[in-house]
*Asks:* 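The structure that follows is given in the form of structure tokens.
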Amino acid sequence: ALLEMKQLGLAFSLVEAGLATTPDFAPAAEAETLQLVRYAQHTGRRRAARQVLDNFLAVKSQAAPSPALLALKASLENEVG
């Protein structure tokens, strides 16, 4: 709901709280994951971005990652920091 209301900052604060209490926390849907990881990446939260993306990919390991997820993962791996 927060993502639909374009409240990415608040939504990502909740993600960070989730990661603090449950390190393997992952969003339920790919679209949410993409939005949140891109937000984290653009706001300098690279570590959290990687963690959220890696967690989502681990949860969805039965299915092949989409091209968008693979591209985002590659961009995060190419960033310094």
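Only this structure's heavy atoms are used, side chains among them; waters, hydrogens and symmetry mates stay out.
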*Asks:* I need the minimum non-hydrogen distance between A49 and Q41, along with the two atoms involved.
*Replies:*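 Result for this residue pair: CB-N, 4.1 Å.
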*Asks:* When rounded to the nearest 0.5 angstrom, what distance separates CG in L19 from CG in D24?
*Replies:*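 The CG atom of L19 sits 9.0 Å away from the CG atom of D24.
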*Asks:* For the residue pair T33 and F56, what are the closest heavy atoms and their distance?
*Replies:*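 For T33 and F56, the tightest heavy-atom pair comes out as OG1-CD1, 3.1 Å.
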*Asks:* Which atoms form the tightest heavy-atom contact between P23 and N55, and what is the distance?
*Replies:*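 Result for this residue pair: O-ND2, 2.9 Å.
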*Asks:* Calculate, to the nearest 0.5 Å, the distance between atoms CG and CG belonging to L53 and L57 respectively.
*Replies:*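 Answer rounded to 0.5 Å: 4.5 Å.
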*Asks:* Using 0.5 Å steps for rounding, measure from the NZ atom of K73 to the CG atom of N78.
*Replies:*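 It is 11.0 Å, given to the nearest 0.5 Å.
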*Asks:* Listing request: all salt bridge (charged side-chain N to carboxylate O under 4.0 Å, His left out) pairs with a residue in residues 7-19, at least two apart in sequence or in separate chains.
*Replies:*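 Residue pairs with at least one partner in residues 7-19: E16-R45.
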*Asks:* Do L8 and T43 have side chains that approach each other closer than 4.5 Å (heavy atoms only, starting at C-beta)?
*Replies:*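 L8 does not reach T43 side chain to side chain.
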*Asks:* Output the distance between atom CG (L76) and atom CZ (R38), rounded to the nearest 0.5 Å.
*Replies:*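 If I round to the nearest 0.5 Å, the distance is 10.5 Å.
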*Asks:* Using atom types as modelled and distance alone, determine if a side-chain donor or acceptor of S66 lies under 3.5 Å from a backbone N or O of L69.
*Replies:*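 Judged by distance alone, yes, a pair lies under 3.5 Å.
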*Asks:* Ignoring hydrogens and angles, tell me if any N or O in the side chain of T21 forms a donor-acceptor pair with the backbone of G18 under 3.5 Å.
*Replies:*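 Looks like yes, one N/O pair under 3.5 Å.
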*Asks:* Go through the structure and list residues passing side-chain hydrogen bond (donor to acceptor under 3.5 Å, both in side chains) with Q51, not counting sequence neighbours.
*Replies:*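 Q51: no side-chain hydrogen bond (donor to acceptor under 3.5 Å, both in side chains) contacts found.
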